[in-house]
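Since the structure comes first, as structure tokens, the remarks are kept for the end.
Note that this is a predicted model, so its numbers are computed, not measured. When a residue number appears, it is its place in the shown sequence, counting from 1.
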Amino acid sequence: MIFASDLDRTLIYSNFFLKPDITNTVLVESKAEKQISHMTEKSLKLLNIINKKILFIPTTTRTTEQFKRISIFNNSIPLKYAVVANGAIILKNGLVDLHWQNYILSQMKNLIPPIELIHKCRFFLDSEYVNSYRCCDNSFLYAVLKSYLITSEDFEKLILIANREGYLVTRNTKKVYMIPNFINKWSPIKYIMEIENEDKLIAAGDSYLDLPLLNNSTHGIIPSHGELKNRYKDNLKNHKNIYYTKEQGILSSDEFLENILQLIS
């Protein structure tokens, strides 16, 4: 059995989720002495136990660089695999899986590269809506909005241009992603499952980009604070084993990791 999990707002949490009544948290990511992400001590302990029992694979839209900032994967929780860049890159024992990389590169040849998509979408990326944007691991783009407000006309124009070039556009709070249609979190996990001869998958995630992974899981777990619970629940209505946490925020990981441990014990 494999446990593939999203990271941000599923397993690890920003300062926004730290409340005065929540104690015993652990700093798991920092940058230039700035605290970025946390877990509870309980979640860290549970994840460590799970990682020793079954194959745990972090599955994230973070870039390789952003992923490597998470300290627990450098010391207390050793990994065989990690899926980063929303599935464009597989790290195996810390190194890029070249077979998967060659597959992704061959598919990218059928599209304009993200750097060219930037030029086609400058009306949006250089507009008053956007605080910053970047090309991630030469695979996709994401933009950070200045606020939650954006006109539907401009957003629909962005979707139309990106879709025409073979890119999916999705928005999660203040981030807008433009990702090639063939890049998703499920495909690399399927590839790893075939290598490892595993046929059962526990998956956890909170956002629209986690849908492909969750839809193909044996057991799916969704934190109740995420957009999947609020906006995309119907996309999973045919899944027989979806679990929505009772807890929200950083404590939801305590709940679902306990649930997983009971499932695999």
Side-chain angles (χ1 to χ4, degrees), residues 1-19 21-22 25 28-29 36-40 42-44 46-47 50 56-62 70 83 86-87 142-145 147-150 152 155 159 168-179 183-187 189 200-264:
M1 186 174 284
I2 287 175
F3 171 41
S5 180
D6 175 48
L7 292 176
D8 295 276
R9 298 170 64 98
T10 299
L11 274 180
I12 67 176
Y13 290 84
S14 67
N15 297 324
F16 173 81
F17 288 91
L18 298 183
K19 309 299 180 185
D21 59 328
I22 299 175
T25 59
V28 298
E29 180 190 10
I36 299 176
S37 301
H38 311 260
M39 293 178 71
T40 67
K42 182 177 181 179
S43 284
L44 184 56
L46 289 168
L47 185 60
I50 291 168
F56 163 58
I57 306 174
T59 309
T60 179
T61 307
R62 282 176 172 242
I70 303 173
V83 171
N86 203 60
Y142 83 80
V144 179
L145 303 178
S147 75
Y148 295 103
L149 300 176
I150 176 174
S152 58
F155 195 56
I159 291 172
L168 167 75
V169 176
T170 182
R171 177 183 175 182
N172 187 356
T173 61
K174 287 187 178 181
K175 285 187 178 179
V176 173
Y177 296 91
M178 288 167 272
I179 302 175
I183 291 179
N184 60 75
K185 292 184 178 183
W186 161 241
S187 297
I189 293 297
K200 290 184 173 58
L201 172 67
I202 302 170
D206 72 302
S207 78
Y208 180 82
L209 292 174
D210 297 308
L211 270 176
L213 187 63
L214 288 158
N215 268 320
N216 288 282
S217 65
T218 312
H219 300 275
I221 297 167
I222 297 173
S224 288
H225 54 260
E227 66 172 347
L228 285 184
K229 174 71 178 295
N230 300 327
R231 294 172 57 193
Y232 298 104
K233 195 171 183 177
D234 285 348
N235 294 63
L236 294 156
K237 63 184 178 183
N238 295 323
H239 197 303
K240 296 179 180 178
N241 294 304
I242 290 289
Y243 173 78
Y244 294 92
T245 63
K246 297 178 180 64
E247 293 283 357
Q248 295 190 0
I250 195 168
L251 297 180
S252 65
S253 59
D254 289 3
E255 180 185 338
F256 76 70
L257 289 172
E258 280 188 326
N259 184 285
I260 292 172
L261 196 53
Q262 291 174 9
L263 189 64
I264 64 177

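- When all heavy atoms are compared, the tightest approach of Ala4 to Leu201 is CB-CD1, 3.9 Å.
- For Leu257 against Ser43, the heavy-atom pair with the smallest separation is CD1-O, 3.5 Å.
- Contacts classified as salt bridge (Lys or Arg N to Asp or Glu O under 4.0 Å) and involving residues 241-252 (residues at least two apart or in different chains) are not found.
- From Tyr244, atom OH reaches atom CD1 of Ile222 across 4.0 Å, with rounding to the nearest 0.5 Å.
- Around the NZ atom of Lys200, the shell of radius 6.0 Å holds no more than 12 heavy atoms that belong to other residues, nucleotides or ligands.
- The main-chain N or O of Arg171 is never found under 3.5 Å from a side-chain atom of Lys174 such that the two would form a donor-acceptor pair.
- Residues Thr61 and Lys175 have side chains not in contact (no heavy-atom distance under 4.5 Å, counting atoms from C-beta outward).
- Within the model, atoms CG of Asn215 and CG of Asn184 stand 11.0 Å from one another, a figure rounded to the nearest 0.5 Å.
- The ring-ring contact (aromatic ring centres under 6.0 Å, His included) contacts involving residues 201-235 comprise Tyr13-His225, Phe17-His225, Tyr208-Tyr232, where partners must be two or more places apart or lie in separate chains.
- Closest non-hydrogen pair, Ser252 versus Thr245, comes out as CB-OG1, 3.7 Å.
- The minimum heavy-atom distance linking Ser207 with Asn172 is given by the pair CB-ND2, 3.5 Å.
- Contact between Asp6 and Lys185 at its shortest, heavy atoms only, is OD1-NZ, 3.1 Å.
- Closest heavy-atom contact between Ala203 and Leu214: O-CD2, 3.5 Å.
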Test log, rule side chain to side chain contact (heavy atoms under 4.5 Å, CB included), inputs Val176 and Ile150
CA-CA 11 Å; Val176 173; Ile150 176 174; 5.6 Å; no

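- Here the side chains of Lys229 and Asp206 are not in contact, with every heavy-atom distance at 4.5 Å or above.
- Each of Ile250, Val28, Leu46 was compared with Met39 under the side-chain contact (heavy atoms from CB on, under 4.5 Å) criterion, and only Val28 meets it.
- Atom CD1 in Ile260 sits 5.0 Å away from atom CD1 in Ile50 (nearest 0.5 Å).
- Between the OG atom of Ser253 and the CG atom of Leu44 there is a distance of 10.0 Å, given to the nearest 0.5 Å.
- Here the rule is side-chain contact (heavy atoms from CB on, under 4.5 Å) with Asn86, and of Thr59, Leu168, Ile179 only Ile179 fits it.
- For the atom pair Ile22 CD1 and Thr40 OG1, the distance stands at 9.0 Å (nearest 0.5 Å).
- With rounding to the nearest 0.5 angstrom, the CG atom of Leu209 is 9.0 Å from the CG atom of Leu228.
- Side-chain contact between Ser37 and Asp8: present, with at least one pair of heavy atoms (C-beta onward) separated by less than 4.5 Å.
- Under the 3.5 Å distance criterion, the side-chain polar atoms of Asn216 are matched with a main-chain donor or acceptor of Pro212.
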Using the salt bridge (charged side-chain N to carboxylate O under 4.0 Å, His left out) rule, take Asp254 and Lys42 through it: C-alpha gap first, then chi angles, then the decisive distance, then the call.
CA-CA 6 Å; Asp254 289 3; Lys42 182 177 181 179; 5.0 Å; no

